[in-house]
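The structure presented is a predicted model; accordingly, all values stated were derived computationally and were not measured.
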Amino acid sequence: MEQVHRTVETTAKGSFTKQQKWVTASTAAGFTLENMDIMFLSFSLASIIAELGISSGQAGLIGSLTNIGMLVGGALFGIIGDRYGRVRTFSYTIFIFALATGSMFFAHSLPMIYLMRFLAGIGAGGEYGVGIALLAENFRSDQIGRMSSIAAIGGQVGAIFAAVMAALIIPRFGWNALFLLGIIPVVLTYFIRRHVTETPDFIAAQKQEKATHNKPSFKQLFDTPHKAVQTLGLMVMTIVQIAGYFGLMNWLPVIVQKQQGLSVSGSSLWMVSTILGMSLGMVVFGQLMDKLGPRVSFAIFLLGSASVMFAILFAKTNASMLLIGAIIGFFSNGMFGGYGAVISRLYPTEIRSTANNLIMNVGRAIGGFSSVAIGLLMDHFNLAVTMGFLSALYIISFLVMISLPGLRQLTPNQNN
């Protein structure tokens, strides 16, 4: 534990250790590559449908299988990361994710696409919780909000990179070639294994497990009524988080163009403005969380999200639509990095990556179906009802958040 205290003293002076820099960079890069891969599929889907002549339902299953793979990978590699080490597991998940993504270059049939997307999901789902656990164990608790938000911004960088690469590659070389960029993360695994080491905190927890023969398991997330309520409540919050994200990225441009009569070329300007808003929101949320605590910061952003959803009703020009997109993105996805920070502080070292992976990937698996729900609402109701649905989700998340007793105990500037 002395080494942990020395790390705290170093960071208290405003400078990061070499280990901290590599952990932050590798985690942010992992999130960048994960979101890049997800957006590759979004930009390629129309071409896949046209080339293979598949139905919308068959195409939709591609994304669903990716989410299911994330849930499987999150559960599997969360346990592996807690039992055998963060660094090795993190590099393994990125390696699986990279090979499966790159192999999409050779996928010319629907079964092959299904298989590769499922495997890519396994790698991506496993990567999240292990990376967050590494961050949590290398920084003081009053820094985790900022650092997890910085890492989460990496995901938005991945979305922008995917948009640029899709525009350059697909028209010239076809959709398959786009996925060859997925091989890039293989290089990252080399640097992770060379420069990142396990923390004394994790090593001590591992020795304790061997001495007591108590191996990490899923039941530790539910072994008391208090923990069960806490775990299920956080799952509800991540479901809402992912549902809002997919609603924003997949449907809002369509909603605005269809019902407001506005036009954004290829929805690219909407995407850029929304992503910039999300990134700014992450920076602000991380600062607020470390200074005011998670309950206050989540309350501000959840209630803000519930309120600004209706702002889209007032978009009358392209400029106002882009501004509103940025504001909605600021609140709705600004808090994404906060979930990993909260989970890492609520669950002990020996089960930290499992908790992060299981909770977040349940959110992805269930929240990802929001696109279907929003599509049905668009078919049968007006824009106000659709936005009211999204607003209600954030209100539900707020009510769940304030009811979780564990969050009340996470005070600002609390050092673990």
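Considering only heavy atoms from C-beta on, Ile122 stays 4.5 Å or farther from Met70 through its side chain. Ser320 is not listed as a side-chain neighbour of Phe314, based on a closest heavy-atom distance of 4.5 Å or more. The shortest distance between side-chain heavy atoms of Met309 and Ser332 falls below 4.5 Å. Using a 4.5 Å cut-off on side-chain heavy atoms (C-beta onward), Phe105 and Ile183 make no contact. Looking only at side-chain heavy atoms (C-beta outward), Phe336 and Asn333 come within less than 4.5 Å of each other. In this structure, the side chains of Phe161 and Thr32 stay at 4.5 Å or more apart for every pair of heavy atoms. Side-chain contact between Leu234 and Thr238: absent, with no pair of heavy atoms (C-beta onward) separated by less than 4.5 Å. Using a 4.5 Å cut-off on side-chain heavy atoms (C-beta onward), Met335 and Met289 make no contact.
Interatomic distance, CG of Leu41 versus CD1 of Ile113, reported as 9.0 Å (0.5 Å rounding). The distance from atom CD1 of Ile132 to atom OH of Tyr339, rounded to the nearest 0.5 Å, is 13.0 Å. Atom-to-atom distance recorded for Leu393:CG and Ile242:CD1 is 12.5 Å, nearest 0.5 angstrom. Distance check: Phe179 CZ to Ile169 CD1 gives 11.0 Å after rounding to the nearest 0.5 Å. One distance of note links CD1 of Ile96 with OG1 of Thr101; it measures 11.5 Å at 0.5 Å rounding. The distance from the CG atom of Leu302 to the CD1 atom of Ile396 is 11.5 Å, given to the nearest 0.5 Å.
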Please report the C-alpha distance between Asp223 and Lys219 in whole Å, then the side-chain angles of each, then the deciding distance to 0.1 Å, and finally whether the salt bridge (Lys or Arg N to Asp or Glu O under 4.0 Å) criterion is met. CA-CA 6 Å; Asp223 57 4; Lys219 70 179 182 180; over 6 Å; no

Under the criterion side chain to side chain contact (heavy atoms under 4.5 Å, CB included), I'd like the reasoning laid out for Met104 against Asn176: C-alpha separation, chi angles, the key distance, then a yes or no. CA-CA 6 Å; Met104 283 286 287; Asn176 294 84; 5.9 Å; no

Take Arg364 and Leu71, measure what side chain to side chain contact (heavy atoms under 4.5 Å, CB included) needs, and give me the verdict at the end. CA-CA 8 Å; Arg364 284 168 167 165; Leu71 182 57; over 6 Å; no

Just do the ring pair (Phe, Tyr, Trp, His ring centres under 6.0 Å) check on Phe139 and Phe16 with the steps written out, would you? CA-CA 9 Å; Phe139 289 91; Phe16 290 163; 5.3 Å; yes

Verdict with supporting geometry, Tyr394 and Phe331, ring pair (Phe, Tyr, Trp, His ring centres under 6.0 Å): CA-CA 11 Å; Tyr394 289 109; Phe331 283 103; 10.0 Å; no

What do the steps show when you test Arg146 against Val283 for side chain to side chain contact (heavy atoms under 4.5 Å, CB included), and what is the final call? CA-CA 7 Å; Arg146 279 169 286 172; Val283 172; over 6 Å; no

Report the C-alpha distance between Gln156 and Phe31 in whole Å, list the side-chain angles of each, state the deciding distance to 0.1 Å, and finish with yes or no for side chain to side chain contact (heavy atoms under 4.5 Å, CB included). CA-CA 9 Å; Gln156 308 314 309; Phe31 291 175; over 6 Å; no

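For Thr66 (side chain) and Ile62 (main-chain N/O), a donor-acceptor pair under 3.5 Å exists by modelled atom type. Looking only at distances, a side-chain donor or acceptor of Asn361 sits under 3.5 Å from a matching main-chain atom of Gly125. Under a 3.5 Å cut-off, the side chain of Ser91 and the backbone N or O of Arg88 do form a donor-acceptor pair. Looking at Thr89, its side chain never comes within 3.5 Å of a backbone N or O of Arg86 through a donor-acceptor pair. Judged purely by atom type and a 3.5 angstrom limit, Ser148 uses its side chain to pair as donor or acceptor with the backbone of Gly145. Of the possible polar contacts, one joining the Asn138 side chain to the Leu134 backbone as a donor-acceptor pair under 3.5 Å is found. Checking side-chain atoms of Gln20 against main-chain N and O of Thr17 turns up a donor-acceptor pair under 3.5 Å. A donor-acceptor pair under 3.5 Å is absent between the side-chain atoms of Gln241 and the main chain of Gly363, judged by distance alone. Formation of a donor-acceptor pair under 3.5 Å by the Gln58 side chain with backbone atoms of Ser55 is found in this model. Without hydrogens or angle criteria, Asn35 side chain to Val157 main chain gives no donor-acceptor distance under 3.5 Å.
More than 12 heavy atoms of other shown residues, nucleotides or ligands fall within 6.0 angstrom of atom CZ in Phe222. Few gaps surround CZ on Phe310; more than 12 heavy atoms of other groups in view lie less than 6.0 Å from it.
What you find for Leu178 and Ser44 is that their closest heavy atoms are CD2-OG, 3.6 Å. The heavy-atom pair separating Leu404 from Gln230 by the smallest distance is CD2-CA, 4.0 Å. Residues Leu110 and Leu52 approach most closely at N-CD1, 4.0 Å, considering heavy atoms. The nearest pair of heavy atoms linking Leu358 to Phe218 is CD2-CD2, 4.1 Å. Closest heavy-atom contact between Arg172 and Ala167: NH1-O, 4.1 Å. The nearest pair of heavy atoms linking Leu390 to Ala243 is CD2-O, 4.5 Å.
A salt bridge is defined here as a Lys NZ or Arg NE, NH1 or NH2 lying under 4.0 Å from an Asp or Glu carboxylate O, and Arg117 with Asp37 meets this definition. Salt bridge annotation for Arg352-Glu137: present, with a cationic side-chain nitrogen under 4.0 angstrom from a carboxylate oxygen.
Using modelled atom types, one finds no donor on one side chain facing an acceptor on the other under 3.5 Å when comparing Thr93 with Tyr128. Gln143 and Asp290 share no side-chain donor-acceptor pair at under 3.5 Å.
Below 30°, between 30° and 60°, or above 60°: for Phe285 and Phe298 the angle between ring planes is above 60°, a perpendicular geometry.
For the side chain to side chain donor-acceptor pair (under 3.5 Å) with Asp82, the lone residue among Asn357, Thr354, Thr349 that qualifies is Thr354.
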